[in-house]
Novice: 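I am attaching a structure below and will ask some questions about it afterwards.
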Amino acid sequence: MQSLGDAFRAAFGLVVSLDPDLIEIVSLSLSVSGVSLLLASLVGLPAGAGLALVRFPGRRAAIVVVNAAMGLPPVVVGLLVYLLLSRSGPLGELGWLFTARAMVIAQFLLITPIVAALSRQVVEDLWVEYADQLSSLGAGPLRAIPTLLWDARFSLLTTVLAGFGRAIGEVGAVIIVGGNIAHATRVMTTAITLETRKGDLALALGLGLVLLTLSLGINALAAGVREFGARWEG
Amino acid sequence: MPGARAESILPLELRGVSFQAGRQILLRKLTATLSAGAPTVVLGPNGAGKSLLLRIAHGLLAPTRGDVCYGGRPPGLTADVRRRQAMVFERPVLLRRTAARNISYALSVAGVPRSERPGRVADVLARTGLKALADRNARVLSAGEKQRLALARAWALVPELLFLDEPTAALDPSATAAIELLIGAISAAGTKIVMTTHDLGQARRLAGEVVFLNGGALVEQSPAERFFAEPQSEAARAFLKGELVWD
């Protein structure tokens with residue numbers, strides 16, 4: 001086992017020299033989580049706004065379920081997607097198990113509830129302010145949903161970033177459905193798990209540094225967006 | 001509906017309108033007819049039900065009892081009736097977009113074709129003296145500019161009936177004067193104004209007719225001149241003298 005100091009030096013070396021393996025893993029991570037986030041936003045934002053505005057029987061129950069689903073254990077989601085995509089599963093025909101697509105599905109299931117639940121709250125708060133005015137202008141719920149999503153854009157961007165943070169740092173689901181296959185489904189978190197187990201601390205630490213920097217960057221970005229939004233929204 | 005435009009939504013008739021929240025009766029059996037012409041100013045002490053009356057007349061709230069009828073139509077609010085009236089609130093809600101986009105949004109909801117919107121936006125901005133602010137973020141305008149923009153947004157819809165709930169309550173004297181000028185212009189251009197205010201001077205300057213409410217009931221409805229010169233009810237006399245009115 002290397003000494004901690006050596007490991008850190010090697011890790012920095014990998015990051016600074018833009019080691020191709022490291023770059024490949026980081027880019028796959030970013031694209032898997034990016035696509036998941038895009039799909040989760042396409043579904044979660046309108047769903048959250050719909051939950052905020054549209055009154056229907058079972059709405060309260062739906063809100064409780066969505067809120068609870070924010071804390072879905074990644075390994076359970078991974079297991080469910082595994083069962084769905086496994087050869088004998090209902091979607092086994094697709095042959096998506098152990099591909100990046102499987103990882104996207106798992107992360108999509110993990111973060112859609114986060115995006116939906118947080119955006120429901122944001123949109124509902126804005127609706128309190130807007131309800132009379134939009135009704136007066138004659139905008140029904142279907143018209144109000146895109147209006148509120150657009151007007152809450154800065155707050156929603158921070159919820160979307162929260163979803164991205166969850167996706168990029170998650171290991172339980174992607175390791176089950178992706179399988180951590182080198183050059184195919186190896187992302188930062190699964191690589192860190194594997195390299196740590198193998199004792200190759202340099203790559204693990206290097207990836208860890210990138211991951212930490214990313215989540216720091218995401219949070220800084222979220223804070224910046226919040227601040228800019230607060231100023232813009234007067 | 002062909003020809004629908006020709007039939008005015010005026011007069012606005014309130015027939016025995018009551019509104020109850022829980023066990024509290026906030027408006028009781030209110031009957032009034034508001035006809036086209038000079039502005040109607042709704043006066044009355046705090047809690048008399050002025051804003052509530054405006055909300056019900058505009059169709060934001062349904063009365064617990066009684067009917068609201070527009071231009072002799074059967075009671076109720078159709079999409080056509082809604083489209084021909086507008087309301088500006090005490091604290092206007094401006095969308096998080098530019099001043100011009102706030103107006104074109106209202107036009108778009110009202111079904112104005114896309115090609116007509118820029119012209120109408122520019123026109124109303126010019127008429128309200130907001131041209132220079134067209135591309136400014138509506139949320140960071142001053143209180144007076146915000147209220148002017150809210151009026152411009154309403155005016156762009158060319159409503160037959162415009163409700164204003166305390167349009168100058170939060171404004172300083174010069175901004176108030178600008179809003180009053182604008183209200184006069186909107187009225188002169190043919191829109192019936194129905195407004196509430198706490199400012200008796202403003203009521204004298206703008207009103208053609210006064211509706212005086214007290215304790216949720218209509219106490220009197222008279223031409224403004226007569227109301228201010230010789231109010232018919234004890235409550236109105238006391239209110240004009242600046243005394244506290246209890247119901």
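For clarity, every value in this text was computed on a predicted model and none was experimentally measured.
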Novice: Which region of Arg153(B), side chain (C-beta onward) or backbone (N, CA, C, O), has a non-hydrogen atom less than 4.5 Å from a non-hydrogen atom of chain A, or is it both or neither?
Specialist: side chain
Novice: Report the C-alpha distance between His58(B) and Ser135(A) in whole Å, list the side-chain angles of each, state the deciding distance to 0.1 Å, and finish with yes or no for side-chain contact (heavy atoms from CB on, under 4.5 Å).
Specialist: CA-CA 10 Å; His58(B) 183 42; Ser135(A) 313; over 6 Å; no
Novice: For atom CZ of Arg127(B), is the number of surrounding heavy atoms from other residues, nucleotides or ligands below 6.0 Å larger than 12?
Specialist: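 Yes, the 6.0 Å shell around CZ holds more than 12 heavy atoms from other groups.
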Novice: I'd like to check Val140(B) versus Trp232(A) (side-chain heavy atoms, cut-off strictly below 4.5 Å). Are they in contact?
Specialist: no
Novice: So what's closer than 4.5 Å to chain A heavy atoms on Leu141(B): side chain, backbone, both or neither?
Specialist: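 Nothing of Leu141(B), per the 4.5 Å heavy-atom cut-off to chain A.
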Novice: Tell me whether Arg101(B) at atom CZ has more than 12 heavy atoms from other residues, nucleotides or ligands lying less than 6.0 Å away.
Specialist: no
Novice: For Glu227(A), does the CD atom have more than 12 heavy-atom neighbours from other residues, nucleotides or ligands under 6.0 Å away?
Specialist: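 It does not: Glu227(A) CD has 12 such atoms or fewer within range.
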Novice: What's the verdict on side-chain contact (heavy atoms from CB on, under 4.5 Å) for Tyr130(A) and Leu95(B), showing C-alpha distance, side-chain angles and the deciding distance?
Specialist: CA-CA 8 Å; Tyr130(A) 277 26; Leu95(B) 306 184; 3.4 Å; yes
Novice: Are more than 12 heavy atoms, taken from residues, nucleotides or ligands other than Arg143(A), located less than 6.0 Å from that residue's CZ atom?
Specialist: yes
Novice: For Arg91(B), look at atom CZ and say whether over 12 heavy atoms of other residues, nucleotides or ligands are found less than 6.0 Å away.
Specialist: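 Open: at most 12 neighbouring heavy atoms sit under 6.0 Å from CZ of Arg91(B).
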Novice: Which atoms form the tightest heavy-atom contact between Arg82(B) and Gly138(A), and what is the distance?
Specialist: CD-CA, 3.8 Å
Novice: According to side-chain contact (heavy atoms from CB on, under 4.5 Å), who are the partners of Phe89(B), at least two apart in sequence or on a separate chain?
Specialist: Asp132(A), Gln133(A), Ser136(A), Arg55(B), Leu60(B), Met87(B)
Novice: With side-chain contact (heavy atoms from CB on, under 4.5 Å) as the criterion, how do Leu157(B) and Leu137(A) come out once you've worked through the C-alpha distance, each side chain's angles and the decisive distance to 0.1 Å?
Specialist: CA-CA 9 Å; Leu157(B) 302 169; Leu137(A) 290 173; 4.1 Å; yes
Novice: Please confirm whether the backbone N or O of Arg96(B) pairs with a side-chain atom of Asp151(A), one donor and one acceptor, at under 3.5 Å?
Specialist: yes
